[in-house]
Peer 1: 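Sharing a structure with you now.
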Amino acid sequence: MSTKATVEKLVSLCKRRGLVFQSSEIYGGIGGFWDYGPLGVELKNNIKQAWWKAVVQERDDVVGQDAAIVMNPTVWKASGHLDTFADPMVDCKECKKRFRADDLVGAVAAGTHGHEAAVKASRCPECGGELTEPRMFNLMFKTYVGPVENDASTAYLRPETAQGIFVNFLNVLTATRKKLPLGIAQIGKAFRNEITPGNFIFRDREFEQMEIEYFVKPGTDEEWHKHWVEERYNWYLGLGLRKENVRVRRLEPEEQAHYAKDTYEVEYLFPMGWSELEGIANRTDFDLRRHAEFSGRELEYFDEESGEHIVPYVIEPSAGVDRLLMAFLVDAYDEEEVRKETRVILRLHKDLAPIKVAVLPLSRNEKLVPPAREVWALVRKHWMSQYDDAQSIGRRYRRQDEVGTPLCVTVDFDTLEDEAVTIRERDSMEQVRVPIAGLVEALREKMNTGD
Ligand code: GAP
């Protein structure tokens, strides 16, 4: 973590610069829901694209899909979510506030269901009042499909994207004619009625997941599990998270989800401490067997080598986009003294930066506007870019630094003579002069991201 980033500073920067807003803010907001503004949606898209490139585009053993959010409710019976996807909740008898019981005794130590004695001994963290007995609270949001609201029409907003992959396993296998190991990747919204959402976008009620269900032959699962833990850890470092802020932790048996034999978490050192970024679980054949049982369909793979029908095991790397976005912001946030002023800077990886290039005419002088507009037209074909001519050039550089723009291009009065412009780098603040004719090539070289 950057020692300079606090949750308060991030929330303020995100609002001020159009990264993240509280949902329905003009009505007082709604807990656990957030909106992404013009720069936030760019950052989010860049995170998703970087993930898709690494796990689908650059591999020959993973394909993509996009399933519906509302599914046949039997899916959630089969997956175990209707019966077990619940958190223990307690209410304060005095101030009526509601808490997750495991938060009161430390989530890691408590697991989900245990430690009743420790919970009983706890008092309300807000007012010190007496707490109720823990009650299990199912985290799935309910809705109704069609015009009649009754038990038969009840459906759920998916609490994970994963089940949309399990129920499509045979469709994808047949359509692609692929062999095992085969991964199916998906990015999409998930919903959980969290008891205590919080820490900005870390724990939300609506969020986005990037999940892979990687189907393997039983017996090879542990080896593939190791492979995916390494792959995913290195992906974070490749996108610039500092090594000292990222760690891998193996979960204790009592921390495992109901479907998992073994799980590793990639954790990040957030301002509130080490917390999960991504879970990488060995789900065994739990889900395929359960869906086979509940649907009556055989969800098997014919293994030509052994001549047998097998139920594959599954390794599942599962990450949350919003949580990753927060980690990338925390890690990139920096403040430094430049000419007796504080320069706030997001040292984001170039692939993630919402705006890649800003085009800045030195002033609004009418002679500078046409060439500056022409330069912008040239640049915007290749990269997400911005044109900014408001206030002093120094201020405009700071504005771009603050949102992580790696390169600024300045058009000045010399441009009118020499048909050249200045490229200024965010991190070093170094400036080089290049001819407009070679600008795109020079930017591409500095960006090293292609277009
Ligand atoms: N399919 C497995 C699964 O959903 P999970 O550990 O519950 O596992 C995976 O969730 C990832 O989704 C987490 O590591 C986290 O990044 C993200 N996530 C989970 N709940 C979240 C929430 N309430 N708000 C934001 N992100 C969340």
Side-chain angles (χ1 to χ4, degrees), residues 20-21 23-24 30-36 40-41 44-45 47-49 51-52 55-56 62-87 137-172 175 183-195 197 201-214 257-259 278-279 281 283 286-288 290-291 294-295 297 299 314 316-325:
V20 185
F21 308 123
S23 167
S24 26
I30 170 168
F33 297 88
W34 297 90
D35 297 341
Y36 289 83
V41 69
K44 213 174 179 209
N45 282 342
I47 294 171
K48 291 189 275 185
Q49 266 167 26
W51 183 84
W52 196 264
V55 306
V56 180
V62 181
V63 294
Q65 70 152 55
D66 183 17
I69 288 172
V70 175
M71 304 171 75
N72 185 310
T74 313
V75 166
W76 307 111
K77 189 79 196 143
S79 69
H81 284 82
L82 266 176
D83 296 325
T84 57
F85 192 60
D87 275 342
F137 172 76
N138 194 295
L139 301 182
M140 282 199 293
F141 277 100
K142 267 188 202 171
T143 186
Y144 299 97
V145 175
V148 183
E149 296 189 7
N150 61 21
D151 284 353
S153 66
T154 301
Y156 302 89
L157 302 189
R158 66 180 176 202
E160 61 171 15
T161 62
Q163 297 304 324
I165 298 180
F166 291 122
V167 300
N168 274 311
F169 168 65
L170 272 192
N171 283 338
V172 175
I184 305 177
Q186 179 168 223
I187 301 177
K189 291 270 186 171
F191 301 82
R192 297 183 188 178
N193 198 2
E194 297 282 359
I195 299 167
I201 50 174
F202 179 83
R203 190 184 285 153
D204 316 313
R205 290 183 167 130
E206 174 177 340
F207 55 98
E208 223 168 342
Q209 286 189 315
M210 307 188 289
E211 299 200 294
I212 306 161
E213 306 305 322
Y214 193 76
H258 63 272
Y259 48 72
E278 167 162 356
R283 288 182 85 127
F286 175 87
D287 301 271
L288 287 182
R290 292 278 294 187
H291 286 304
F294 279 74
S295 67
R297 298 279 299 273
L299 302 180
V314 172
E316 179 196 60
S318 169
V321 182
D322 313 75
R323 219 172 254 196
L324 266 56
L325 189 143

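Heavy-atom basis, side chains included; hydrogens, waters and symmetry copies ignored.
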Peer 1: Report the residues that fulfil ring pair (Phe, Tyr, Trp, His ring centres under 6.0 Å) with Tyr259, sequence neighbours left out, ordered by chain and then residue number.
Peer 2: none
Peer 1: Could you tell me whether Lys77 and Asp83 have a side-chain N and a carboxylate O separated by less than 4.0 Å?
Peer 2: yes
Peer 1: Hey, what do you get for CD1 (Ile195) to CG (Asp87), rounding to the nearest 0.5 Å?
Peer 2: 5.0 Å
Peer 1: For Ser23, give me all partners under side-chain contact (heavy atoms from CB on, under 4.5 Å), at least two apart in sequence or on another chain.
Peer 2: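 Here the qualifying residues are Ile30, Phe33, Asp35.
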Peer 1: Which heavy atom of Pro159 sits nearest a heavy atom of His81, and at what distance?
Peer 2: CG-CD2, 3.7 Å
Peer 1: Name all residues meeting the side-chain hydrogen bond (donor to acceptor under 3.5 Å, both in side chains) criterion together with Asn138; count only those two or more places apart in sequence or in a different chain, and write none if there are none.
Peer 2: none
Peer 1: Do the side chains of Ile47 and Met210 get nearer than 4.5 Å, heavy atoms only?
Peer 2: yes
Peer 1: Do Trp51 and Val321 have side chains that approach each other closer than 4.5 Å (heavy atoms only, starting at C-beta)?
Peer 2: no
Peer 1: Distance from Met140 atom CE to Leu157 atom CG, nearest 0.5 Å?
Peer 2: 10.0 Å
Peer 1: What's the separation between atom CG in Leu324 and atom NZ in Lys48, rounded to the nearest 0.5 Å?
Peer 2: 12.0 Å
Peer 1: Atom CD1 in Ile187, atom CD in Glu208: separation rounded to 0.5 Å?
Peer 2: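 CD of Glu208 is found 7.0 Å from CD1 of Ile187.
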Peer 1: For Phe169, what residues pass the ring pair (Phe, Tyr, Trp, His ring centres under 6.0 Å) criterion, not counting sequence neighbours?
Peer 2: Phe215
Peer 1: Could you pull out the closest heavy-atom pair between Ala319 and Glu278, with the gap in Å?
Peer 2: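 Shortest heavy-atom contact: CB-OE1, 3.5 Å.
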Peer 1: Please report the interatomic distance CG(Leu139) to CZ(Arg205), rounded to the nearest 0.5 Å.
Peer 2: 10.0 Å
Peer 1: What are the two closest non-hydrogen atoms of Gly32 and Pro197, and how far apart are they?
Peer 2: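 Of all heavy-atom pairs spanning Gly32 and Pro197, the closest is CA-CB, 3.7 Å.
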Peer 1: Looking at every heavy atom in both Arg283 and Ala162, which two are closest together, and how far apart are they?
Peer 2: NH1-CB, 4.0 Å
Peer 1: Under the rule for side-chain hydrogen bond (donor to acceptor under 3.5 Å, both in side chains), what residues qualify as partners of Ser24, not counting sequence neighbours?
Peer 2: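 side-chain hydrogen bond (donor to acceptor under 3.5 Å, both in side chains) list for Ser24, sorted by chain: empty.
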Peer 1: Whether the side chain of Arg290 engages the backbone of Ala78 through a donor-acceptor N/O pair (distance < 3.5 Å, no angle test) should be reported.
Peer 2: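 Looks like yes, one N/O pair under 3.5 Å.
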Peer 1: For Phe166, what residues pass the ring pair (Phe, Tyr, Trp, His ring centres under 6.0 Å) criterion, not counting sequence neighbours?
Peer 2: none
Peer 1: Of the non-hydrogen atoms in Asp322 and Ile201, which two are nearest, and what is the gap between them?
Peer 2: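 Scanning both residues completely, I find the closest heavy atoms to be O-CD1, 3.3 Å.
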Peer 1: Is the shortest heavy-atom distance from the side chain of Val63 to the side chain of Val172 under 4.5 Å?
Peer 2: yes
Peer 1: Tyr144 vs Thr154, test: side chain to side chain contact (heavy atoms under 4.5 Å, CB included). Steps then yes/no.
Peer 2: CA-CA 5 Å; Tyr144 299 97; Thr154 301; 3.6 Å; yes
Peer 1: For Phe191, which residues count as a ring pair (Phe, Tyr, Trp, His ring centres under 6.0 Å) partner, sequence neighbours excluded?
Peer 2: none
Peer 1: What residues, two or more places apart in sequence or in another chain, satisfy side-chain hydrogen bond (donor to acceptor under 3.5 Å, both in side chains) together with Glu211?
Peer 2: Thr161, Ser318
Peer 1: Please identify each residue that fulfils side-chain hydrogen bond (donor to acceptor under 3.5 Å, both in side chains) with Lys142, with sequence neighbours left out.
Peer 2: none
Peer 1: So, do Tyr36 and Asn45 sit near enough that their side-chain heavy atoms are less than 4.5 Å apart?
Peer 2: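 Side chain of Tyr36 against side chain of Asn45, heavy atoms only: no contact under 4.5 Å found.
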Peer 1: Identify the heavy atoms of Glu206 and Asp204 that sit nearest to each other, and give their distance.
Peer 2: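 Scanning both residues completely, I find the closest heavy atoms to be O-CB, 3.3 Å.
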Peer 1: Among pairs that include at least one residue of residues 145-159, which meet salt bridge (charged side-chain N to carboxylate O under 4.0 Å, His left out), considering only residues two or more places apart or in two chains?
Peer 2: none
Peer 1: With sequence neighbours excluded, tell me which residues meet side-chain contact (heavy atoms from CB on, under 4.5 Å) with Asp66.
Peer 2: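 Residues passing side-chain contact (heavy atoms from CB on, under 4.5 Å) with Asp66: Gln186.
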Peer 1: Got Phe85 and Arg192 here, is their nearest side-chain heavy-atom distance under 4.5 Å?
Peer 2: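 Phe85 reaches Arg192 side chain to side chain.
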Peer 1: Just list the side-chain donor-acceptor pairs under 3.5 Å for residues 67-76, sequence neighbours left out, or say none.
Peer 2:
residue: Asn72; atom: OD1; partner: Thr74; partner atom: N; Å: 2.9
residue: Asn72; atom: OD1; partner: Thr74; partner atom: OG1; Å: 3.0

